[in-house]
Amino acid sequence: MHKRFDHKQIESKWRENWRENKLYKTNENTSKPKAFVLDMFPYPSGEGLHVGHPKGYIATDIYSRFMRMTGHEVLHPMGWDAFGLPAENFAIKNKTHPRVAVEKNVARFKEQLEVLGFDYDWEREINTTDPNYYKWTQWIFIQLFKKGLAYESNEPINWCPGCQTGLANEDLEADGTCERCESKVEQKPMRQWVLKIREYADRMLADLDTLEWPEHIKEAQRNWIGRSEGAEIDFELSIGGKVTVFTTRPDTLFGATYLVLAPEHEFIEKYSKVILNWHEVETYVKEAEGKKEMDRLDATKDKTGVKLEGITAVNPANGETIPVYIADYVLASYGTGAIMAVPAHDERDFAFAKKFGIGIRYVITEIPTINRVKATGAFIRNREGKYLLQRRTGAPTSPDKLCTFGGHVEKGESPEQALARELHEELELDIIKNKLAPRLVYLRKSSSDLREEYAFYFIDKVDDSNLSVHEGQLEIFDSLEGIPDDEWAFSLKDFAHSMIDQPTIALGKLINSDEFDGMNSKEAKIAITKKVGGRLTKTYKIKDWVFSRQRYWGEPIPIIHCDKCGAVPVPDSELPVVLPDVEKYEPAGDGQSPLANIEDWVNTKCPKCAGSGRRETNTMPQWAGSSWYYLRYMDPHNTKELVSKKNEKFWAPVDVYVGGDHAVRHLIYARFWHKFLYDIGVVSTEEPFQRLEFLGFILAEDGRKMSKRWGNVINPDEIVNLVGADTLRVYEMFMGPFENTIAWSQDGLVGARRFLERVNGLREHISDTEPDETTRQLHKTIKKVSEDIKEFKFNTAISAMMIFVNLAEKTGLTADSYKKFLVILAPFAPHLTEEIWHEIGNEGSIHIAKFPTYDPDLTKDEAVTIGVQINGKMRGEITISGEASEEEALKAVNENEALANRIKDHKITKIIYVQGRILNLIIS
RNA sequence: GCCCGGGUGGUGAAAUCGGUAGACACGAGGGACUUAAAAUCCCUUGCUAUUCAAAGUGGCGUGCGGGUUCAAUUCCCGCCCCGGGCACCA
């Protein structure tokens with residue numbers, strides 16, 4: 001019988017007790033090993049929390065409680081990321097100071113978090129908008145400035161006309177709109193502060209390998225950094241001078257049949273006088289400017305461009321004269337803003353070359369080594385452009401049983417020759433006689449059998465008048481669409497579609513490349529670069545971080561502009577530069593922040609020469625405060641340093657960091673700042689977050705995101721009120737794997753409550769003794785729960801505890817077992833376990849009790865039930881000792897009537913017996 | 001297009017150094033208790049065939065098609081679909 005409990009009374013009572021006893025106070029106690037367990041701190045929005053938000057906080061709470069109970073000194077803090085546009089937009093709308101809204105929201109968030117019973121040490125609470133906090137955000141900026149990593153730039157940046165501010169690339173949606181207001185972002189040249197994040201790109205990339213992070217997040221970071229290794233190669237121009245291109249494939253240089261410059265390339269203005277069709281070129285450049293990045297990023301659109309008449313370049317590899325184009329498919333902001341185009345081996349160049357009728361030269365063949373060829377799906381296109389498909393007689397059963405020609409490559413024969421021979425033998429098609437140049441379009445090798453290689457041939461423009469078919473029939477189709485959609489043709493059609501008229505992009509051996517013929521791509525990259533005097537180099541997608549915002553609610557950038565001394569940092573003694581109050585929070589609209597209007601704040605003295613100076617009026621982006629906040633938790637009240645050496649040494653790095661979403665931006669910025677702080681000796685570790693656990697979200701019951709807009713938000717307060725915080729905690733952890741996104745289920749919640757009631761009722765099953773089975777189950781449970789908490793597999797930990805409760809209800813359990821069970825459940829359901837703990841006569845909080853250990857011998861079963869297979873089919877089961885011998889197992893089979901009957905008339909030819917797992921009898 | 005995940009009952013899922021697929025929970029069905037309902041307890045619950053029914057027995061079954069193996073959700077090859085990241089990045 002379940003015993004109900006009064007969660008309201010129990011939960012508030014114990015929370016009060018923990019607070020009074022400062023149960024979760026964190027110390028820098030060097031005698032214990034430390035555990036720094038961190039959540040991505042929230043942005044306190046006006047909407048408050050919904051039940052999805054606490055999921056990660058519950059997980060870190062369980063983990064941190066477990067660590068505390070296993071003898072660690074735990075740092076599990078909470079704080080607020082409170083600068084940024086929502087608070088500011090709210091302020092503009094309601095004419096209130098953003099600080100007021102932030103204070104109110106923080107209070108609300110805190111109240112909502114409090115009732116969930118978290119073990120935060122609130123004495124370490126931080127808030128990025130607190131001047132005592134952002135003093136150090138400003139200090140870090142100054143250090144960056146002093147090291148030359150923060151600089152002013154006038155380059156065109158992303159400008160959001162809606163938000164009236166500049167944005168970093170990271171702030172844009174994929175389609176080039178502003179992530180906040182969905183305005184179309186423009187390119188606008190403006191003075192901006194920029195941080196040289198690129199200088200850290202290599203280190204950020206390399207150190208990813210040292211981190212225990214989910215692969216998809218590491219991959220997202222690699223993508224974002226986007227390092228490409230290649231070479232810069234100079235092309236001499238007919239009019240003197242040279243153009244430098246960046247390429248990742250210098251091995252294809254012999255196939256470079258033209259050059260393309262970005263429309264913004266400096267070269268174009270510079271040589272306007274020698275460009276014969278200047279008018280046309282100028283028009284194109286203007287059009288490209290007007291298009292903005294957003295339209296240009298559309299990869300599906302037709303390639304456009306203009307040939308620069310009067311200018312040619314020389315391919316340095318073969319001395320060939322090649323044309324020069326401008327085209328907007330080349331971006332000025334990447335590489336050198338100019339490319340060598342190799343249409344044979346690059347899709348974009350291929351499309352462009354096709355459209356403009358430029359030559360295509362294949363210089364890579366994709367055959368690394370081949371000793372057997374097999375052509376599958378030999379589509380042949382005849383003179384009229386019709387498709388000939390060779391189909392063998394008989395009903396086709398699968399694609400690979402048809403249209404295949406294959407055989408070994410004879411000695412001294414190239415794969416092409418081997419295939420030509422096979423085609424001749426099979427199809428009586430003499431490609432040599434027909435003067436056809438067979439083209440290898442695709443090669444795939446079957447890796448299970450390395451001796452066999454699959455090659456796909458497509459041959460263009462065959463004279464089929466003298467073509468007869470050796471075996472089977474030849475069908476003719478006007479287009480690929482005409483080929484029937486039966487089982488096998490369908491598959492071949494897919495192949496054909498993908499193979500026809502395509503450049504090849506794989507690495508392979510070089511052809512048509514003079515002395516480099518036969519060399520493989522990898523070596524040729526270096527060799528060819530060397531030959532033409534190019535430079536092996538790297539380039540990145542990541543751009544330097546546009547760090548200023550023309551908005552009010554952010555950290556003022558601590559710089560004073562002086563006519564004489566330039567940009568001068570505010571001296572440390574004058575930090576923080578406190579954000580002054582203003583009348584109006586709206587951006588000025590002219591690209592200035594509202595701070596620019598406060599004359600007596602702006603006008604100040606230059607710290608260097610004491611002459612007149614003007615304060616920087618831009619503020620920092622929202623990501624600034626969150627780029628280092630984890631460090632402040634280590635030493636939140638330090639007025640002299642960002643964090644003391646001693647505390648940093650003790651706590652760093654964050655052992656487990658939990659959050660979702662911000663996979664790219666926040667993590668990349670924080671890693672960048674951390675590495676910088678490492679370089680200047682503030683922190684002692686190369687990386688801030690050793691382990692990252694990705695959090696899957698909770699959707700509303702209707703499967704949509706929880707949002708006011710859909711009216712499907714479930715408030716945690718209501719749930720706590722209804723069934724208690726412990727139930728909410730257990731339910732959210734039991735829903736499924738932590739990283740999965742799962743819809744909320746009110747029914748599922750009931751299951752969690754029922755479980756806790758059974759735990760509560762278990763005290764009525766206490767007896768002086770318990771069966772061995774129960775003891776063993778308890779030890780198994782302790783083992784499982786300990787291991788699962790460490791791995792964030794909370795769902796299976798809870799499942800194990802449920803199994804124990806189900807058993808203990810039936811068999812009864814000792815007081816000691818019950819006590820141990822309560823302790824392992826305590827991190828999940830801190831209130832109820834604390835209540836029972838005291839009711840059954842324990843002193844002191846359960847949350848500082850030692851987490852029980854298990855006896856490995858007791859985690860093994862005395863007898864196991866294993867499956868018995870006969871000829872691989874499951875036919876029954878036997879229960880024997882886990883260490884039983886084969887003879888004993890067979891004896892058990894003979895004692896089992898059904899199994900014995902099955903084998904009695906047969907001879908057992910083979911026995912496969914795996915102790916504790918399976919018995920498989922092969923009988924004749 | 002490229003890269004990373006993933007695809008298992010009505011639902012959330014469990015089990016992958018290959019070894020009884022579906023633990024645990026929800027839902028559903030049946031029963032007990034109750035004047036009744038709720039709550040609680042017990043039983044059944046992958047699909048399917050055979051059977052009046054039950055027990056039993058058989059077949060199928062972890063996205064699809066192949067393969068390796070005594071044995072495949074797990075390993076290999078090919079494909080499809082879903083989620084996420086990146087995307088004219090040379």
Side-chain angles (χ1 to χ4, degrees), chain A residues 1-4 174 214-224 226-228 230 245-249 252 260 296-301 303 327-331 333-342 346-349 351-352 398-400 444-449 454 487 491 494 505 539-542 663-664 694 731 734-737 739-743 745-752 754-755 757-758 761 793 795-796 798-803 806 809 864-878 898 909-922:
Chain A
M1 231 245 286
H2 294 183
K3 196 172 170 190
R4 308 208 57 168
E215 194 49 43
H216 73 274
I217 295 185
K218 288 192 190 183
E219 203 52 38
Q221 296 232 335
R222 288 190 195 107
N223 266 336
W224 193 264
R227 181 170 75 186
S228 299
V245 305
F246 173 76
T247 178
T248 55
R249 297 293 301 271
T252 63
V260 188
R296 289 181 52 175
L297 287 175
D298 181 8
T300 58
K301 76 172 174 112
K303 296 276 176 293
D328 65 5
Y329 81 91
V330 173
L331 305 178
S333 57
Y334 184 79
T336 59
I339 62 158
M340 63 179 216
V342 185
D346 181 281
E347 279 178 42
R348 296 148 300 170
D349 297 343
F352 190 86
S398 74
D400 57 350
R444 184 170 43 188
K445 67 168 185 254
S446 161
S447 68
S448 58
D449 177 4
Y454 287 56
E487 195 188 349
S491 160
D494 284 346
I505 49 175
T539 187
Y540 304 86
K541 275 199 284 186
I542 193 169
V664 173
F694 186 80
Y731 172 60
F734 185 62
M735 285 176 91
E739 67 279 8
N740 281 19
T741 293
I742 305 169
S745 157
Q746 202 76 9
D747 285 332
L749 186 66
V750 173
R754 214 174 272 163
F755 165 63
E757 283 176 5
R758 297 172 85 146
K793 288 155 102 179
N795 55 331
T796 48
I798 292 168
S799 155
M801 290 189 282
M802 286 173 167
I803 292 169
N806 288 347
E809 269 183 351
V864 290
T865 301
I866 65 168
V868 178
Q869 297 180 337
I870 293 171
N871 288 342
K873 290 249 181 203
M874 201 56 63
R875 293 300 182 194
E877 54 189 32
I878 53 174
T909 55
K910 194 176 178 188
I911 298 167
I912 294 114
Y913 173 59
V914 183
Q915 274 187 354
R917 296 273 185 196
I918 200 81
L919 175 67
N920 190 1
L921 303 174
I922 309 305

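The sequence lines fix the lettering, A, B, ..., with proteins before strands; numbering per chain opens at 1.
- For the P atoms, the distance from G29(B) to C47(B) is 15 Å, rounded to whole Å.
- Of the candidates A90(B), C86(B), C70(B), the closest approach to any side-chain atom of I339(A) belongs to A90(B).
- Rounded to whole Å, the distance from NZ on K218(A) to P on C3(B) is 19 Å.
- For F246(A), whose side chain is taken as the heavy atoms from C-beta onward, the closest listed nucleotide among A90(B), G1(B), C3(B) is A90(B).
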### Summary
Readout for nucleotides 19-26 of chain B: B = base within 4.0 Å of protein heavy atom, S = sugar-phosphate only, - = neither; 5' to 3' it is BBS-BBSS
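- Each of A338(A) and N740(A) was assigned the nucleotide of RNA chain B with the nearest heavy atom; the assignment lying further toward the 5' end belongs to N740(A).
- Residues I912(A) and I922(A) are in side-chain contact: their nearest non-hydrogen atoms beyond the backbone lie under 4.5 Å apart.
- R227(A) meets the side chain to side chain contact (heavy atoms under 4.5 Å, CB included) test with D202(A), L205(A), E229(A), K538(A), Y540(A); sequence neighbours excluded.
- Scanning both residues, M874(A) and I918(A), for their nearest heavy atoms gives CE-CD1, 4.0 Å.
- Residue-level contact check: K873(A) touches the backbone only, with heavy atoms under 4.0 Å from sugar-phosphate atoms and none from bases.
- As a whole-Å value, the separation of N871(A) CG from U69(B) P is 16 Å.
- Comparing U8(B) with C82(B), their C1' atoms sit 15 Å apart, to the nearest whole Å.
- A salt bridge links R222(A) with E219(A); the closest basic N to acidic carboxylate O contact falls under 4.0 Å.
- Q221(A) has its CD atom 16 Å from the P atom of C4(B), to the nearest Å.
- Nucleotides G19(B) and U57(B) have their C1' atoms positioned 24 Å apart, rounded to a whole Å.
- For the pair I742(A) CD1 and G83(B) P, the interatomic distance rounds to 17 Å; values are reported in whole Å.
- When the P atom of G12(B) is taken as reference, atom CG of L749(A) falls 18 Å away, rounded to whole Å.
- Remark: side-chain polar atoms of N920(A) are paired, donor with acceptor, to backbone N or O of G872(A) under 3.5 angstrom.
- Looking at residues two or more places apart in sequence or on another chain, you find a side chain to side chain contact (heavy atoms under 4.5 Å, CB included) between A800(A) and T781(A), K784(A).
- RNA chain B contains the following stems of three or more consecutive Watson-Crick or G-U pairs, with both distances under 3.5 Å: B:1-7 with B:80-86, B:10-12 with B:24-26, B:27-32 with B:40-45, B:46-50 with B:56-60, B:63-67 with B:75-79.
- Paired with I878(A) under the rule side-chain contact (heavy atoms from CB on, under 4.5 Å), one option of L919(A), T865(A), V864(A) passes, and it is L919(A).
- Comparing the same atom, P, in U73(B) and in C60(B) gives a spacing of 13 Å after rounding to whole Å.
- Comparing the C1' positions of G7(B) and U62(B) gives an interatomic distance of 9 Å, to the nearest angstrom.
- Place K793(A) and T336(A) on RNA chain B by their nearest nucleotides, and K793(A) ends up nearer the 5' end.
- Contact between the side-chain N/O atoms of T248(A) and the OP1/OP2 oxygens of C89(B) is not found at any separation under 4.0 Å.
- For U44(B) and U35(B), the C1' atoms lie 29 Å apart once the distance is rounded to whole Å.
- The salt bridge (charged side-chain N to carboxylate O under 4.0 Å, His left out) search around K793(A) returns E791(A), not counting sequence neighbours.
- Among the atoms of the strands shown, none is found under 4.0 Å from any heavy atom of P214(A).
- Here the side chain of Y731(A) pairs no donor or acceptor atom with the backbone of Q746(A) at under 3.5 angstrom.
- Among pairs with a residue in residues 909-919 of chain A, none fulfils side chain to side chain donor-acceptor pair (under 3.5 Å), at least two apart in sequence or across chains.
- Of the P atoms belonging to G85(B) and G27(B), the separation is 34 Å, rounded to the nearest Å.
- Because its glycosidic torsion is within 90° of 0, G9(B) is reported here as syn.
- One atom, OH of Y334(A), and another, C1' of A87(B), lie 12 Å apart when rounded to the nearest Å.
- Using a 4.0 Å heavy-atom cutoff across all strands shown, R227(A) reaches no nucleic acid atom at all.
- Geometric assessment of K303(A) against the ring of Y329(A) yields a positive cation-pi assignment under the 6.0 Å and 45° thresholds.
- Separation of the P atoms belonging to U16(B) and A23(B) is 15 Å when rounded to the nearest angstrom.
- As a whole-Å value, the separation of K541(A) NZ from C3(B) P is 13 Å.
- The distance from atom CD1 of I542(A) to atom P of C86(B) is 12 Å, rounded to the nearest whole Å.
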